[in-house]
Protein chains: 2
Amino acid sequence: MDISGDTAFLKGYDPSAFDRPSVTVDLILLGMVRHRLSALLLQRVEPPQVGRWALPGGFVAIDESLDAAAARVLRDKAGVEGAHLEQLYSFGAVNRDPRMRVITIAYLALLREEQMSVAARGGRVSVVALEGDPVVAIGDGGAELPLAFDHQQILTLARDRLRGKIDYSDIAFAFLPDRFTLRALQDVHEAVLGTKLNKPAFRRRILDRGRLIATGLREEDASHRPAELFSLRSIL
Amino acid sequence: MDISGDTAFLKGYDPSAFDRPSVTVDLILLGMVRHRLSALLLQRVEPPQVGRWALPGGFVAIDESLDAAAARVLRDKAGVEGAHLEQLYSFGAVNRDPRMRVITIAYLALLREEQMSVAARGGRVSVVALEGDPVVAIGDGGAELPLAFDHQQILTLARDRLRGKIDYSDIAFAFLPDRFTLRALQDVHEAVLGTKLNKPAFRRRILDRGRLIATGLREEDASHRPAELFSLRSIL
DNA sequence: AAAATAGTGTCTTTCAGACAGTATACA
DNA sequence: TGTATACTGTCTGAAAGACACTATTTT
């Protein structure tokens with residue numbers, strides 16, 4: 001037991017030593033597609049795990065913070081800027097990647113509908129619905145897509161984080177445009193939680209929070225009574 | 001924008017390249033001392049930041065998972081085994097350590113009273129109370145101790161994580177022995193939240209959850225009516 | 001007018017805070 | 001018997017679920 005000295009930090013460590021893990025960031029790009037919580041994945045074209053679906057990611061540069069690396073990967077690989085980005089968790093099992101020791105810091109990226117479309121305009125890209133526990137990735141045809149590495153675990157944790165935060169944070173609004181209806185907001189909550197919610201109770205709860213501004217405007221293309229558009233008041 | 005291929009992963013990366021960050025784990029050792037949420041810190045004896053107080057930490061070995069590295073540091077630097085350990089957050093600002101680029105994965109370690117005593121039996125060790133927002137470290141004499149690096153930020157996040165989880169998780173029990181009184185449990189909640197709680201409401205809320213087993217035993221050394229001892233039912 | 005969804009009023013249930021009261025130990 | 005703390009009963013108020021009702025748009 002040694003708690004007495006500076007060995008708590010870095011002493012005697014050779015910065016050029018070889019036995020150092022690689023560090024990456026992986027992005028969980030989430031959005032609402034047809035009222036379902038969906039993620040954007042890439043299909044692997046080289047071994048290992050050819051054909052399986054993986055999270056976009058990239059190495060953390062030596063002169064780049066973790067947040068900056070995540071923002072760079074989001075911009076370069078998905079063509080998206082200004083999305084909500086938050087660190088999720090770090091994964092460092094020794095054999096999570098068979099090629100080398102890689103520690104990855106996973107980031108949640110919450111995208112609006114048009115950002116999802118932009119990001120999905122790539123090559124071997126798929127937007128999958130996330131369902132079940134642990135989550136599985138459901139492709140367009142309804143089939144389950146196989147996930148690479150430990151990415152099922154990462155996606156499950158991402159979904160669970162959203163569920164835990166949606167009731168007390170502003171994450172739901174990250175999926176929506178600047179002006180939105182209460183119905184659209186409720187759809188987001190229901191998709192994330194995987195349950196139906198009571199409409200009057202939901203309206204009360206959200207409106208009583210005092211964060212929404214009624215714009216007086218109404219949605220345009222409805223084939224029935226149009227709902228009022230609200231916007232989010234920025235933090236007081 | 002490149003979202004089409006395997007560049008999402010590791011292609012063309014030279015594992016022996018030099019421009020790689022170091023990776024450490026830092027431990028926030030928390031416990032209850034005199035009914036206050038307290039952390040265990042080490043005083044630095046070498047530059048930089050000599051004299052400031054820092055979290056115990058250590059490098060992640062190449063063949064060691066993050067969780068294993070945290071458990072090893074807990075054992076080797078604090079002499080503690082079997083404590084509740086959970087990953088908190090990863091910190092990777094470029095200049096958080098002036099000596100080199102270090103990414104640290106911070107872990108919460110929740111200790112019972114006797115584990116805190118064991119851990120505190122070192123050299124330049126201090127058990128400090130955490131108060132305020134952001135938290136400051138209050139030493140034995142009531143004076144504020146200066147913190148090293150970004151450790152104030154880490155400690156603040158640790159406290160906030162506890163506050164967020166205490167109402168729906170089992171973390172409070174990690175601070176307590178196997179048998180404990182409801183008063184002791186309420187003391188933990190109050191110390192973490194920094195507020196006083198209503199006693200009847202607290203009892204109802206905890207007991208209605210159905211997780212506590214009344215042992216029929218009572219505390220021993222009270223100079224008044226002794227309270228009943230409860231134990232936690234392991235997960236159903 | 002019919003259909004569809006927006007939006008509201010209100011009853012009930014649940015649960016936390018408040019507070020006063022009773023119970024039981026030691027001194 | 002006094003005092004300190006454990007423990008309980010009950011009132012009140014806040015907030016959510018259920019559900020029926022009204023409102024407003026398009027077809």
Side-chain angles (χ1 to χ4, degrees), chain A residues 32 34-36 163-170 172-173 176-232, chain B residues 32 34-35 163-169 172-173 176-232:
Chain A
M32 305 304 298
R34 289 188 294 276
H35 295 180
R36 297 165 87 187
R163 285 189 176 172
K165 288 187 72 172
I166 197 164
D167 276 337
Y168 68 88
S169 76
D170 288 346
F173 304 107
L176 295 170
D178 281 350
R179 298 165 198 274
F180 51 85
T181 66
L182 286 175
R183 180 73 246 175
L185 182 62
Q186 187 172 345
D187 285 339
V188 171
H189 280 249
E190 291 178 344
V192 168
L193 296 173
T195 61
K196 289 292 173 191
L197 297 173
N198 182 274
K199 185 166 73 162
F202 181 79
R203 293 179 64 91
R204 256 184 321 211
R205 187 156 56 91
I206 298 294
L207 293 175
D208 287 356
R209 206 162 292 172
R211 298 288 310 279
L212 293 193
I213 304 168
T215 64
L217 304 171
R218 310 209 146 245
E219 57 181 340
E220 299 267 301
D221 51 357
S223 68
H224 48 75
R225 173 174 175 181
E228 179 160 20
L229 293 167
F230 290 81
S231 62
L232 179 66
Chain B
M32 291 292 151
R34 288 186 294 274
H35 296 181
R163 285 190 177 173
K165 289 188 71 172
I166 197 163
D167 276 337
Y168 68 87
S169 76
F173 304 108
L176 294 170
D178 282 348
R179 299 168 196 273
F180 50 85
T181 65
L182 285 175
R183 179 73 247 175
L185 182 61
Q186 185 171 346
D187 285 339
V188 171
H189 280 247
E190 291 178 343
V192 167
L193 295 172
T195 60
K196 288 292 172 192
L197 297 173
N198 182 275
K199 186 164 73 164
F202 182 79
R203 293 180 65 92
R204 256 184 323 212
R205 186 157 58 88
I206 298 294
L207 292 174
D208 288 356
R209 206 163 291 171
R211 298 287 310 282
L212 292 195
I213 305 168
T215 63
L217 304 172
R218 310 209 145 246
E219 57 180 341
E220 299 267 300
D221 50 357
S223 68
H224 49 75
R225 175 175 175 180
E228 180 161 19
L229 292 167
F230 290 81
S231 63
L232 180 66

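Letters A, B, ... mirror the listed sequences (proteins, then strands); counts begin at 1. Side-chain atoms are counted along with the backbone in the values below, which use heavy atoms only and exclude waters and symmetry mates.
In this structure, B:D178 has no side chain to side chain donor-acceptor pair (under 3.5 Å) partners at least two apart in sequence or on a different chain. With sequence neighbours left out, the side chain to side chain contact (heavy atoms under 4.5 Å, CB included) criterion links A:H35 to A:D187. Under the side chain to side chain contact (heavy atoms under 4.5 Å, CB included) criterion, A:S223 pairs with no residue, sequence neighbours left out. By the side chain to side chain donor-acceptor pair (under 3.5 Å) test, A:R209 pairs with no residue at all, sequence neighbours left out. In this structure B:F230 satisfies the ring-ring contact (aromatic ring centres under 6.0 Å, His included) test with no other residue, sequence neighbours excluded. A search for side chain to side chain contact (heavy atoms under 4.5 Å, CB included) contacts involving B:I213 returns B:S231, B:R233, not counting sequence neighbours.
Residue B:R225 comes nearest to B:E219 through the heavy atom pair O-OE2, 4.4 Å, listed as atom of the first residue, atom of the second, then distance. When all heavy atoms of A:L182 and A:L212 are compared, the closest pair comes out as CD2-CD1, 3.6 Å. The minimum heavy-atom distance between B:P226 and B:A222, with the atom names listed, is CA-CB, 4.2 Å. When all heavy atoms are compared, the tightest approach of B:E228 to B:T215 is OE2-N, 3.8 Å.
The residue B:R183 sits close only to the backbone: its heavy atoms come under 4.0 Å of sugar-phosphate atoms, none of a base.
Once rounded to the nearest 0.5 Å, the distance linking CG of A:L176 with OG1 of A:T181 reads 8.0 Å.
Chain A approaches DNA chain D over the interval D:dA16 to D:dT26, counting the first and last nucleotide 5' to 3' with an atom under 4.0 Å from its heavy atoms. Bounding nucleotides for the chain B contact on DNA chain C, 5' to 3', at a heavy-atom distance below 4.0 Å, are C:dA16 to C:dC26.
Contacts between residues 189-202 of chain B and DNA chain D, defined by a heavy-atom separation below 4.0 Å, involve B:K199, B:P200, listed by number. For DNA chain D, the residues of residues 217-225 of chain A within the heavy-atom distance limit of 4.0 Å (strictly under) are A:A222, A:S223, A:H224, A:R225, sorted by number.
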Acceptor/donor pairs from residues 190-208 of chain B side chains to any protein atom, 3.5 angstrom cut, sequence neighbours excluded:
| unit_1 | atom_1 | unit_2 | atom_2 | d |
| --- | --- | --- | --- | --- |
| B:E190 | OE1 | B:R183 | NH2 | 3.3 |
| B:E190 | OE2 | B:Q186 | NE2 | 3.1 |
| B:E190 | OE2 | B:L197 | N | 2.9 |
| B:N198 | OD1 | B:A201 | N | 3.1 |
| B:R205 | NH1 | B:D167 | OD1 | 3.3 |

